Amino acid sequence: MTVITRFAPSPTGYLHIGGARTALFNWLFARHNKGTYRLRIEDTDRQRSTDAAIAAIFEGLKWLGLDWDGEPVMQFARAARHAEIAHKLMAAGNAYHCYATPEELDEMRKTAMAEKRSPRYDGRWRDRDPKDAPPGVKPVVRLRAPQTGRTVIKDLVQGDVVFENEQMDDMVLLRADGTPTYMLSVVVDDHDMEITHIIRGDDHLTNAARQTQLYLTAGFKVPDFAHIPLIHGPDGAKLSKRHGALGVEAYRDMGYLPEAMRNYLLRLGWGHGDDEIISTVQAIDWFTLDNVGRSASRFDFTKLANLNGIYIRQSADADLATAVTPILAQKTGRALSDGEVGRLQAAMPGLKERAKTLIELAEGALFITATRPLQPDEAAKKLLEGPGRDMLARILAALRSVDDWTVAATEAAVRDLATKAGVKLGQVAQPLRAALTGRATSPPIFDVLVVLGREESLGRINDAATS
RNA sequence: GACCCCAUCGUCUAGAGGCCUAGGACGUCACCCUUUCACGGUGAAGACGCGGGUUCGAAUCCCGCUGGGGUCGCCA
């Protein structure tokens, strides 16, 4: 049997982190099994669905590298097909008209709650003669669900989960206006799309029971379910916006790499022994559902950042320079010159092991685009006062005599100066660093000298020495 | 409230009855490397929620409790 999975977000907002992981697991499972991974946009809520959200979902998935097979299915476009199934169920006596008003339903729930029972529809129109229908009331169509026995979900992650049928009420299939509900649409679409494995968030587990009732009465084959645990915020509660329930594009803007994101999301709720750094190729090879954990996990920005730092260090300098250039342009408010882009790439080996995000990488590279005279920060200012300034005059003289502008030659000159002055290298290097970068921290200082070039370096030192 | 799910260091996890003196990773702390900051290296502290069973033996199986979470819409 060929595996067919799907990711089915509703376009009522951005693609958030939980959805991204659900998509990742579906994608991984399909790729691992050489199956098909499809996308379905559940846009049946006409009030809340927006084109902007659909675009954001496409973009988010593309950024994450989770390519889907075939054209995305737009659920609302299939409403007639969904209704057709409901009408068939009606004709077969497996569904019925219900004329209960919203007020009545509200009343039922309140009473049930008060009596400490499960709040649900009491089935008052289930066996009632349609001739009793109150005039002027448009009915909904409800499934005539089994009232005895039990419904068992054979969940690939959670194991067998048993629901007593008497605990479930007759769900609405068609609204009073004739449009299909989510429950109907999902089941019909998954059936028509021949989905073999439904991998989705744990919050759908109870839905799976009701959907199974529908599959069974409609005579559809029940797919395999895998309900993966939810992602919580650092406090253990539902993921809030300030805790990470952001759209994936927000992570992109914060400077996270898609491959780091994939690795982090993969390790949240899934493990493969002691392995931590897992390439996507490796993940496809290793991914199975029985390695998925059963308990919810908390989102940890710190760990994501650590992983991102590792992936940044592994990235090619040219790729990083390309990624950072627009960020730097935005920070400086102007486009970068070719020379600056070249220097950026040249500085990348020293830059990239000091950054956990692309934003930090850009900040570290700011000394490259800075124009003379530099505006030193507070820590750098201290280094440029008093003895530091005196030292800079001697550094300037020493470096002016260097013609072969290389790491080795400049380092030799500066070390020689430190020895002659009888001070530690740091006492020379730190003022020099402040003069060249305007900061107290930077990549190795001789690398900086070479990246900036002789003329610019001597100019910056002169500025600091004479200011 | 009803139903359902879950429970190993602060966090993510390994652990399928003896390989567990409970392993790894992030974070934390120390030290080393070092021109700064990092990176890297070495080391330390740190967990099987509680109570009963079953068993020669339980983190692993069973029951209860406690705690956390999810769902109860003519939303998805």
Side-chain angles (χ1 to χ4, degrees), chain A residues 8-12 42-45 47-49 75 98 100-102 105-106 109 112-121 138-142 153 155 158-159 161-164 167-169 171-177 179-183 185-186 201-207 209-210 227 229-230 232 234 236-238 264 267-277 290 293-300 302-307 309-310 313 350-356 364 379 383 411 414-415 418 424-430 432-434 437 439-446:
Chain A
S10 60
T12 52
E42 310 215 317
D43 56 350
T44 53
D45 185 335
Q47 246 64 49
R48 298 195 300 149
S49 296
Q75 189 163 62
C98 168
T101 62
L105 293 167
D106 210 41
R109 282 182 211 112
M113 284 284 218
E115 292 171 7
K116 300 193 174 184
R117 288 182 295 107
S118 189
R120 53 191 185 161
Y121 171 64
K138 291 254 191 189
V140 298
V141 172
R142 285 181 186 271
I153 313 293
D155 195 279
Q158 306 293 345
V161 184
V162 180
F163 293 86
E164 296 295 334
Q167 293 292 339
M168 293 181 275
D169 60 8
M171 65 178 143
V172 174
L173 266 19
L174 250 32
R175 302 187 184 97
D177 64 5
T179 59
T181 60
Y182 161 77
M183 286 290 180
S185 300
V186 170
D202 216 1
D203 50 341
H204 284 288
L205 187 57
T206 49
N207 283 341
R210 331 188 90 221
H227 288 92
L230 268 17
H232 289 159
K238 210 165 187 169
Y264 178 71
R267 286 287 291 104
L268 219 49
W270 179 89
H272 185 272
D274 286 342
D275 297 303
E276 296 287 347
I277 309 301
D290 38 59
R294 304 215 266 173
S295 53
S297 43
R298 302 183 186 202
F299 191 83
D300 182 9
T302 315
K303 186 144 187 174
L304 204 212
N306 170 270
L307 223 34
I310 291 170
R313 270 170 258 140
L351 249 21
K352 68 182 179 185
E353 66 183 31
R354 289 168 174 74
K356 292 197 188 314
L383 290 167
E411 177 164 0
V414 172
R415 280 190 189 275
K424 286 185 175 175
L425 183 56
Q427 287 179 264
V428 183
Q430 281 305 86
L432 177 56
R433 186 188 314 282
T437 68
R439 306 282 183 87
T441 68
S442 81
I445 199 62
F446 305 111

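Here the structure is a predicted model, which means the values were calculated and not measured. Labels below follow one simple rule: chain letters A, B, ... track the order of the sequence lines, proteins then strands, and each chain is numbered from 1.
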Measure all distances between protein nitrogen or oxygen atoms and nitrogen or oxygen atoms of nucleotides 9-12 of chain B, and list the pairs falling under 3.5 Å.
unit_1: B:C12; atom_1: OP1; unit_2: A:Arg298; atom_2: N; d: 2.9
unit_1: B:C12; atom_1: O2'; unit_2: A:Arg267; atom_2: O; d: 2.9
unit_1: B:C12; atom_1: O2; unit_2: A:Lys303; atom_2: NZ; d: 3.4

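Note on A:Ser185: nothing from the nucleic acid sits closer than 4.0 angstrom, heavy atoms only. Here A:Val161 lies in heavy-atom contact (under 4.0 Å) with sugar-phosphate atoms only. Using a 4.0 Å heavy-atom criterion, one finds that A:Asn207 contacts the bases of the nucleic acid, with or without backbone contacts as well. Looking at heavy-atom distances under 4.0 Å, A:Leu307 makes no contact with the nucleic acid at all.
Between B:U35 and A:Arg433, no contact under 4.0 Å exists linking OP1 or OP2 to a side-chain N or O. A:Arg313 has a side-chain polar atom (N or O) that falls below the 4.0 Å cut-off from OP1 or OP2 of B:G40. Of the side-chain N and O atoms in A:Lys356, one or more sit less than 4.0 angstrom from OP1 or OP2 of B:C39. Residue A:Arg109 places at least one side-chain N or O under 4.0 Å from the OP1 or OP2 atom of B:G73.
The backbone N or O of A:Pro11 lies less than 3.5 Å from no partner atom in the side chain of A:Glu42, so there is not a single donor-acceptor pair.
Rounded to whole angstrom, the span from the CZ atom of A:Arg294 across to the P atom of B:G68 amounts to 21 Å.
Which of B:C39, B:A76, B:A2 sits closest to the side chain of A:Met183 comes down to B:A76.
Atom name P, nucleotides B:G15 and B:G23: the rounded distance is 15 Å, in whole Å.
Salt bridge annotation for A:Arg294-A:Asp202: absent, with no cationic side-chain nitrogen under 4.0 angstrom from a carboxylate oxygen.
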